[in-house]
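These notes are about the structure you will find just below.
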Amino acid sequence: MPELPEVEIVRRGLEPFLVDKKFKHVELRRPDLRFPFPEHFTERLQGKKVVSLGRRAKYLLARLSNREVLVMHLGMSGRFTVATPQGRGGMIGEFTHDTGRDPAHDHVVFRMESGTTITYNDPRRFGFMLLIPEDELETHPLFSGLGVEPLGNELTAEYLAAKARGRRADLKAFLMDQRIVAGLGNIYVCEALFRARLSPMRPASSLANGAGRPTGRAERLVQAIRSVLWDAIEAGGSTLRDYRQADGSIGAFQHTFSVYGREGKPCAMPGCRGIVRRVVQAGRSTFYCGNCQR
DNA sequence: AAGAACTCCTGTTGGC
DNA sequence: TGCCAACAGGAGTTCT
């Protein structure tokens with residue numbers, strides 16, 4: 001599930017229940033996810049207050065009152081559910097992408113002093129949690145090599161061209177590489193390449209000319225990446241299928257993929273008569289229109 | 001050093 | 001209907 005937009009949506013959903021709140025009790029139901037939990041994980045969290053909840057790439061970063069950072073990655077199937085006791089009826093508010101989750105995969109339960117319970121569920125267990133001192137975050141191996149944030153000022157055509165120069169990898173693989181642009185995944189790479197009308201099989205080096213300057217393709221790609229991520233975040237607000245706000249309102253849900261998962265369907269580009277095709281690159285499905293993506 | 005293959009794990013889907 | 005292979009929104013590790 002989670003690429004940058006989804007992680008950002010999860011961050012926004014968790015923020016009011018975590019920031020300025022203290023961990024009262026943390027329950028681990030297994031010793032590891034993708035990696036073992038840090039030593040004394042529960043003890044190191046209990047009694048600490050969350051100062052802020054941020055995001056870098058696909059990582060959630062909960063800064064704690066003791067200057068440690070709780071780093072959380074959702075992997076492929078990680079999800080959080082928030083349960084809040086409300087009013088006399090004990091009404092439950094839920095923030096989740098999946099009501100039908102199997103409690104057998106509830107691996108971590110955070111009980112906050114506020115009374116909120118936040119449960120981490122992850123069937124495939126590709127997610128993980130770490131505790132890293134705040135001042136070691138930037139130099140930590142997981143973070144030191146990360147590329148630029150696509151929604152920040154650092155993603156420019158010049159940046160992409162400089163990174164792409166001489167690269168023989170496919171454009172698809174280049175964009176999936178977190179060391180280039182941090183936070184893109186299979187869906188949004190496919191969608192961004194569609195918006196930029198660029199073939200996933202084109203060599204990454206074609207984003208730069210002989211002098212290492214960005215081509216028009218690089219300019220288009222930057223705009224496409226930004227727009228698809230912003231649109232996804234905006235629409236993501238409506239993916240909170242089971243989110244009920246205090247007033248009881250429910251978000252609508254909408255999928256607006258142009259190519260992802262649309263093999264065999266007509267291309268969405270106005271005027272294009274192409275059909276969406278699926279190929280496998282580096283073991284991952286790529287969806288694209290061979291007619292208008294060149 | 002870059003790039004591709006392999007790996008972790010469980011659940012769902014589509015074809016026979 | 002049941003069975004089995006393919007596949008799933010990720011990314012570190014290991015190999016060439």
Side-chain angles (χ1 to χ4, degrees), chain A residues 1-11 29-37 55-60 71-80 96-107 120-130 140-147 150 162-194 200-205 208 225 228-229 231-233 235-236 239-241 253 255-264 278-287:
Chain A
M1 167 171 39
E3 299 181 35
L4 186 152
E6 290 74 29
V7 177
E8 177 60 23
I9 293 298
V10 170
R11 189 198 69 75
R29 299 199 174 156
R30 50 176 304 124
D32 57 16
L33 292 171
R34 180 173 183 183
F35 308 125
F37 284 98
R55 180 192 57 74
R56 171 77 169 110
K58 299 170 192 169
Y59 297 92
L60 289 168
V71 176
M72 297 173 282
H73 195 291
L74 302 174
M76 290 278 252
S77 58
R79 57 202 71 178
F80 285 100
T96 172
H97 289 270
D98 183 6
T99 40
R101 77 181 206 277
D102 184 344
H105 301 303
D106 288 349
H107 305 310
Y120 180 73
N121 178 284
D122 188 354
R124 293 179 73 180
R125 303 204 301 275
F126 287 169
F128 55 88
M129 296 188 189
L130 303 175
H140 190 280
L142 285 177
F143 293 91
S144 61
L146 279 180
K163 288 284 189 186
R165 200 176 176 190
R167 290 264 195 157
R168 301 189 348 177
D170 290 341
L171 197 44
K172 165 89 185 301
F174 176 75
L175 293 176
M176 292 286 284
D177 187 340
Q178 302 298 297
R179 294 169 298 187
I180 310 297
V181 181
L184 297 180
N186 207 30
I187 289 175
Y188 297 109
V189 166
C190 290
E191 294 295 316
L193 286 171
F194 171 79
M201 280 74 83
R202 162 181 289 285
S205 58
I225 290 169
V228 76
L229 293 179
D231 288 352
I233 290 173
T239 65
L240 314 180
R241 260 187 284 169
F253 179 77
H255 271 302
T256 54
F257 298 147
S258 296
V259 285
Y260 189 85
R262 296 177 52 83
E263 182 180 15
R278 185 182 83 96
V279 295
V280 175
Q281 291 178 288
R284 311 290 299 275
S285 288
T286 298
F287 298 90

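This is a predicted model, so every value here is computed, not measured. Throughout, a chain's letter reflects where its sequence line sits, starting with A, and its residues are numbered from 1.
- Residues A/Leu146 and A/Gln178 have side chains in contact (heavy-atom distance under 4.5 Å, counting atoms from C-beta outward).
- Only one option out of A/Val228, A/Leu175, A/Ile225 pairs with A/Pro150 in a side chain to side chain contact (heavy atoms under 4.5 Å, CB included); it is A/Ile225.
- By the 4.5 Å heavy-atom criterion applied to side chains, A/Arg125 and A/Arg30 are counted as neighbours.
- Set against B/dG3, C/dA8, C/dG12, the side chain of A/Leu142 has C/dG12 as its closest nucleotide.
- Ion pairing between A/Asp170 and A/Lys172 fails under the 4.0 Å rule for side-chain N and carboxylate O.
- Between the P atom of C/dG9 and the CD atom of A/Glu191 lies a distance of 12 Å, rounded to the nearest Å.
- Between A/Phe128 atom CZ and B/dC8 atom P the separation is 17 Å, expressed in whole Å.
- Within the structure, every side-chain polar atom (N or O) of A/Arg168 is placed at least 4.0 Å from both OP1 and OP2 of B/dA2.
- When the P atom of C/dA8 is taken as reference, atom CZ of A/Phe287 falls 6 Å away, rounded to whole Å.
- In the set C/dG12, C/dA11, C/dA8, the nucleotide with an atom closest to the side chain of A/Gln178 is C/dA11.
- Using bins of under 30°, 30° to 60° and over 60° for the plane-to-plane angle, the ring pair A/Tyr120/A/Phe80 lands in the tilted bin.
- Centre separation under 5.5 Å together with a plane angle under 30° does not hold for the ring of A/Phe126 and the six-membered base ring of C/dA11, so they are not marked as stacked.
- In this structure, A/Tyr59 atom OH and C/dG12 atom P are separated by 5 Å, rounded to whole Å.
- Rounded to whole Å, the C1' atom of B/dT12 lies 22 Å from the corresponding atom of C/dA11.
- No side-chain heavy atom of A/Val189 sits under 4.5 Å from any side-chain heavy atom of A/Thr286.
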Legend entry - Secondary-structure notation, DNA chain B, from Watson-Crick and G-U pairs under 3.5 angstrom (| other strand): .|||||||.|||||||

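- Taking atom NZ of residue A/Lys172 and atom P of nucleotide B/dA4, one finds them 12 Å apart after rounding to whole Å.
- Contacts of A/Phe174 classified as ring pair (Phe, Tyr, Trp, His ring centres under 6.0 Å), with partners at least two apart in sequence or in another chain: none.
- Minimum heavy-atom separation, A/Ala182 to A/Leu4: O-CD1, 3.8 Å.
- Toward the 5′ end of DNA chain C lies the nearest nucleotide of A/Val280, the other residue of the pair A/Val280 and A/Arg284 mapping further downstream.
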Distances under 3.5 Å between protein N/O atoms and the N/O atoms of nucleotides 11-16 of chain B, please, pair by pair.
unit_1	atom_1	unit_2	atom_2	d
B/dG11	OP1	A/His105	NE2	2.7

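- Within the 4.0 angstrom heavy-atom criterion, only backbone atoms of the sugar-phosphate kind lie near A/Arg125; the bases stay farther away.
- For the pair A/Arg79 CZ and B/dC9 C1', the interatomic distance rounds to 14 Å; values are reported in whole Å.
- Atom pair A/Leu146:CG and C/dA11:C1' shows a separation of 11 Å (rounding to whole Å applied).
- Residues A/Tyr59 and A/Phe143 place their aromatic rings such that the two centres sit under 6.0 Å apart.
- Distances shown here put a side-chain N or O of A/Ser285 below 4.0 Å from the OP1 or OP2 atom of C/dA8.
- If you take CZ of A/Arg179 and P of B/dG3, they are 9 Å apart, rounded to a whole angstrom.
- In the set C/dA8, C/dG12, C/dG10, the nucleotide with an atom closest to the side chain of A/Arg278 is C/dA8.
- Ring pair A/Phe35/A/Phe128 is tilted by interplanar angle, where 30° to 60° counts as tilted.
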